[in-house]
> 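After the structure tokens below, expect a handful of questions from me.
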Amino acid sequence: MKPYHSLRDIRSDIANGQVSCRQLVAHYLQNIKQKPELNAFLEIFEEEAFAQADAVDKKLASGHAGKLAGMVIGLKDVLAYEGHALQASSQILNGFKSLYTATAVQRLLAEDAIIIGRQNCDEFAMGASNENSSFGPVLNADDTSRVPGGSSGGSAVAVQADLCLASIGSDTGGSVRQPASFCGVVGLKPTYSRISRYGLIAYASSFDQIGIISKSVEDAALLLEVMAGSDEYDSTVSHRPVPAYSQMLQTDKKYKIGYIRDCFESEGLDTQVKETLLGVKDMLQEAGHQLEAVEFPYLDFMVPTYYILTTAEASSNLGRFDGVKYGYRSENATDLTSLYKKTRAEGFGPEVQRRIMLGTFVLSADYYDAYYTKAQRVRRLIKEKTDELLQNYDFLILPTAPTTAFRLEENTANPLAMYLADIFTVQASLAGVPAISIPAGRDANGLSIGLQLMTRSFEEPQLLAFSNYILDKLTVEA
């Protein structure tokens, strides 16, 4: 079976009798089983996926199928799905099965999406390479000696390698966009609060956002349309009406675009990444869009601010995993104190432990004002400056990542180098604005390069339409 690029292509072939949902599931399952070395899936729901496919085929035949009928989806292992294992790729949740389904997942099922399995990720979504999973690293399908990015690495590789049509991941500081860049697919982080976080395992609650990885902007728009909206189970979710994003993907407007000079002049930016993205900038200028260099003076402060705040929130959120309520419990404990200590020392991996310790430190009485309070002030400055720029420009464009996919274990001994992989993605997370990564080209090794776009909060229709426009132009030029 040919690889499908979008749900529209699938629905066309279903209407013509060329394929069924059962055949699609069989196709993706075969691909998963043929590529076990990628380690993208932790578990596949084979029997259940076939049962869902048969039910959707009947709905299609009767003309009563939902918007997502024919779409086979994978879930990052941080999203609750009732009756299914949920581990955040960590041993601390070994044996745990979810008692309920996340709101976003429930909405996908209601529109007849078929869920094929749960996907590998960095433990508790902490990482930029998917090497921190307790189930082993995920490998990039373009070059298995390289990482897929993180933390949604399994989700990105699954789409990249045609193991499913789309994946639902989570983006705290770039965990959907950066792996999308490394794997040559589309990665969308919506406005903070646009999608309910009910049923998403918490890493850093004021940053976490369910995101989408797909082959096309069109599918990302449709999935956002289905998942977004108010939810009685999440007090932080937006109650704004949800536009028909998938019907708003055409644009002929000439936009005013700012490209962040500091990002393109960063010492850590790979030469081929820079040249490719400057080529896209020139292409947009030739098409009649107005592009101007803009200054963003806080670039050097974004990664430290992000890690101080997210580790502080992680320290608090991960306190619930203590061996008492659910999940892993150490067999070596002798009393309650040793139960806590041994369970957490044995159940959490090194990166999660590192972030918990750092977060606990910055929240301690002696250092709270010096680090946490100051970081909150800097976050406010970053948000205000980002919003100020977006009042004057329709979009800000910048690289998604400073390099293409790096080699396995290249940065594992240097946490700082690994954290700097987030340098261009954390701005949107700190400001809470929507951002997307789209494939813009490849380097000399055939590795994907991602272009990132940001726009004003809740302006996803504009962001998706312009991203679709850019991809169309890049396809024509190629």
> Quiz question: by atom type and distance under 3.5 Å, do the side chains of Tyr192 and Asp208 form a donor-acceptor pair?
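No.
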> Any idea how Phe466 and Phe395 line up, ring-wise: parallel (<30°), tilted (30 to 60°), or perpendicular (>60°)?
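Phe466 vs Phe395 ring planes: parallel.
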> Are Val78 and Cys121 side-chain neighbours, meaning at least one heavy-atom pair lies under 4.5 Å?
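Of all side-chain heavy-atom pairs linking Cys121 with Val78, at least one is under 4.5 Å.
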> Check the pair Arg456 / Asp387 against salt bridge (Lys or Arg N to Asp or Glu O under 4.0 Å), numbers first and verdict last.
CA-CA 7 Å; Arg456 292 178 286 274; Asp387 289 344; over 6 Å; no
> Counting only heavy atoms not in Lys58 (residues, nucleotides, ligands), do more than 12 fall under 6.0 Å from its NZ?
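No, the 6.0 Å shell around NZ holds no more than 12 heavy atoms from other groups.
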> Between the side chains of Ser151 and Ser175, is a donor N or O closer than 3.5 angstrom to an acceptor N or O?
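The answer is yes; a qualifying pair exists.
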> Is there a side-chain contact between Leu165 and Val159 in this structure, where contact means two heavy atoms from C-beta onward sitting under 4.5 Å apart?
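No; the side chains remain at least 4.5 Å from each other.
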> In this structure, are over 12 heavy atoms from other groups packed under 6.0 Å from His239 atom NE2?
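Yes, NE2 of His239 has more than 12 neighbouring heavy atoms, counting only those of other groups under 6.0 Å.
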> If we count only N and O atoms by modelled type, under 3.5 Å, do the side chains of His5 and Asp219 hold a donor and an acceptor together?
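Result is no, nothing qualifies.
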> When you look at Tyr393 and Tyr255, which way does the ring pair (Phe, Tyr, Trp, His ring centres under 6.0 Å) test go after all the steps?
CA-CA 8 Å; Tyr393 296 92; Tyr255 291 105; over 10 Å; no
> What do the steps show when you test Leu223 against Leu188 for side chain to side chain contact (heavy atoms under 4.5 Å, CB included), and what is the final call?
CA-CA 10 Å; Leu223 286 164; Leu188 173 67; over 6 Å; no
> Between Ser206 and Glu313, do the side chains contain an N or O donor and an N or O acceptor separated by less than 3.5 Å?
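Yes.
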> Is there a side-chain contact between Arg261 and Phe296 (heavy atoms, below 4.5 Å)?
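No. Closest side-chain heavy atoms not under 4.5 Å.
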> Does atom NZ (Lys256) have a neighbourhood of more than 12 heavy atoms from anything else shown, all under 6.0 Å?
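Count over threshold, so yes.
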> Hey, can you tell me if Tyr233 and Tyr198 have their rings parallel, tilted or perpendicular (30° and 60° cut-offs)?
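Rings of Tyr233 and Tyr198: parallel, under 30°.
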> Could you check whether any side-chain N or O of Glu131 sits under 3.5 Å from a backbone N or O of Val147, counting only pairs where one atom can act as donor and the other as acceptor?
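No; zero donor-acceptor contacts below 3.5 Å.
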> Take Ile115 and Val105 through the test side chain to side chain contact (heavy atoms under 4.5 Å, CB included) and record every step on the way to the result.
CA-CA 9 Å; Ile115 297 175; Val105 176; 3.7 Å; yes
> side-chain hydrogen bond (donor to acceptor under 3.5 Å, both in side chains): which pairs involve residues 104-117, sequence neighbours left out?
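Every side-chain hydrogen bond (donor to acceptor under 3.5 Å, both in side chains) pair that includes a residue of residues 104-117, provided the two are not neighbours, is Lys59-Asp112.
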> Could you walk me through whether Arg22 and Asp54 pass the side chain to side chain contact (heavy atoms under 4.5 Å, CB included) test, one step at a time?
CA-CA 6 Å; Arg22 172 168 270 271; Asp54 291 340; 2.8 Å; yes
> Hey, can you tell me if Tyr419 and Tyr307 have their rings parallel, tilted or perpendicular (30° and 60° cut-offs)?
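The rings of Tyr419 and Tyr307 lie parallel, inter-plane angle below 30°.
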> Salt bridge or not for Glu46 and Lys33, using N-O below 4.0 Å?
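Between Lys33 and Glu46 there is a salt bridge, with a charged N closer than 4.0 Å to a carboxylate O.
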> Please tell me if the side chains of Ile114 and Cys21 come closer than 4.5 Å, counting only heavy atoms from C-beta onward.
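When only atoms from C-beta onward are counted, Cys21 and Ile114 do touch, with a gap below 4.5 Å.
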> Is Arg240 close enough and on-axis enough to Phe458, meaning under 6.0 Å and within 45°, for cation-pi?
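Satisfied, under 6.0 Å and within 45°.
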> Taking atom CZ as the centre, does Arg8 end up with more than 12 heavy-atom neighbours from other residues, nucleotides or ligands that are less than 6.0 angstrom away?
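Atom CZ in Arg8 is not packed in, count stays at 12 or less.
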> For Asp394 and His289: C-alpha separation, side-chain torsions, deciding distance, then whether side chain to side chain contact (heavy atoms under 4.5 Å, CB included) applies.
CA-CA 11 Å; Asp394 296 305; His289 301 279; over 6 Å; no
> I'd like to know whether CD of Glu47 has more than 12 heavy-atom contacts from other residues, nucleotides or ligands below 6.0 angstrom.
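Counting other residues, nucleotides and ligands, CD of Glu47 stays at 12 neighbours or fewer.
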> For Gln391, does the CD atom have more than 12 heavy-atom neighbours from other residues, nucleotides or ligands under 6.0 Å away?
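Yes, the 6.0 Å shell around CD holds more than 12 heavy atoms from other groups.
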> Using only heavy-atom distances, determine whether the side chains of Glu48 and His84 contain a donor-acceptor pair under 3.5 Å.
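Short answer, yes.
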> Taking Gln23 for the side chain and Ser20 for the main chain, is one N or O donor matched with an acceptor at less than 3.5 Å?
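Between the backbone of Ser20 and the side chain of Gln23 there is a qualifying donor-acceptor contact (under 3.5 Å).
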> Can Glu123 and Ser89 be counted as having a side-chain donor-acceptor contact under 3.5 angstrom?
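No - no donor-acceptor pair under 3.5 Å links their side chains.
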> Would you mind telling me which of Arg197, Lys76, Arg177 makes a salt bridge (charged side-chain N to carboxylate O under 4.0 Å, His left out) with Asp171?
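Per the salt bridge (charged side-chain N to carboxylate O under 4.0 Å, His left out) rule, the option paired with Asp171 is Arg177, out of Arg197, Lys76, Arg177.
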> Could you tell me if the side chain of Val185 sits less than 4.5 Å from the side chain of Pro439, heavy atoms only?
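Pro439 vs Val185: side chains apart.
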> Got a donor-acceptor contact below 3.5 angstrom from the Lys35 side chain to the Gln30 backbone?
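No, because the side chain of Lys35 does not come within donor-acceptor range (under 3.5 Å) of the backbone of Gln30.
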> Side chain of Thr310, backbone of Ala204: donor and acceptor closer than 3.5 Å?
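Not a single qualifying donor-acceptor pair exists.
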> Does the cation-pi check pass for Arg379 over Phe207, that is, NZ or CZ under 6.0 Å from the six-membered ring centre and within 45° of its axis?
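Yes, Arg379 lies over the aromatic ring of Phe207.
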> Between Tyr4 and Asp13, is any side-chain donor less than 3.5 angstrom from a side-chain acceptor?
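Side chains of Tyr4 and Asp13: pair found under 3.5 Å.
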> Salt bridge check, Arg194 against Glu460: does any charged N sit closer than 4.0 Å to a carboxylate O?
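Looking at Arg194 together with Glu460, the answer is no, because their closest N to O distance does not fall below 4.0 Å.
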> Decide yes or no for Thr172 and Ser429: does some side-chain heavy atom of the first lie under 4.5 Å from some side-chain heavy atom of the second?
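No - every pair of side-chain heavy atoms lies 4.5 Å or more apart.
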> So, Asp142 versus Gln160: side-chain donor-acceptor pair below 3.5 Å or not?
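Yes, Gln160 and Asp142 have a side-chain donor paired with an acceptor closer than 3.5 Å.
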> Are the side chain of Asn132 and the backbone N or O of Glu351 linked by a donor-acceptor pair below 3.5 Å?
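Side chain of Asn132 to backbone of Glu351: no pair is present.
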> Sequence neighbours excluded, which residues qualify as side chain to side chain contact (heavy atoms under 4.5 Å, CB included) partners of Gln272?
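For Gln272 the side chain to side chain contact (heavy atoms under 4.5 Å, CB included) partners, ignoring immediate neighbours, are Asp270, Asp443, Ala444.
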> Are the side chains of Asp77 and Gln119 in contact, using a 4.5 Å heavy-atom criterion?
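No, side chains not in contact.
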> Measure the shortest side-chain to side-chain distance between Leu224 and Leu464 over non-hydrogen atoms and say whether it is less than 4.5 angstrom.
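Heavy-atom side-chain distance check passes, below 4.5 Å.
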> Side chains of Gln178 and Ser437 only: does a donor on one sit below 3.5 Å from an acceptor on the other?
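The criterion, which ignores hydrogens and geometry beyond distance, is not satisfied for Ser437 and Gln178.
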> Taking atom types as modelled and ignoring hydrogens, do the side chains of Ser266 and Lys274 form a donor-acceptor contact shorter than 3.5 angstrom?
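Per modelled atom types, Ser266 and Lys274 side chains form no pair under 3.5 Å.
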> In this structure, are over 12 heavy atoms from other groups packed under 6.0 Å from Gln34 atom CD?
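Above 12, so yes.
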> Backbone N or O of Gly154 within a donor-acceptor pair of the Asn130 side chain at under 3.5 Å?
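Yes.
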> Decide whether Glu225 and Ser246 meet the rule of one side-chain donor and one side-chain acceptor closer than 3.5 Å.
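Note: Glu225 and Ser246 side chains meet the donor-acceptor criterion.
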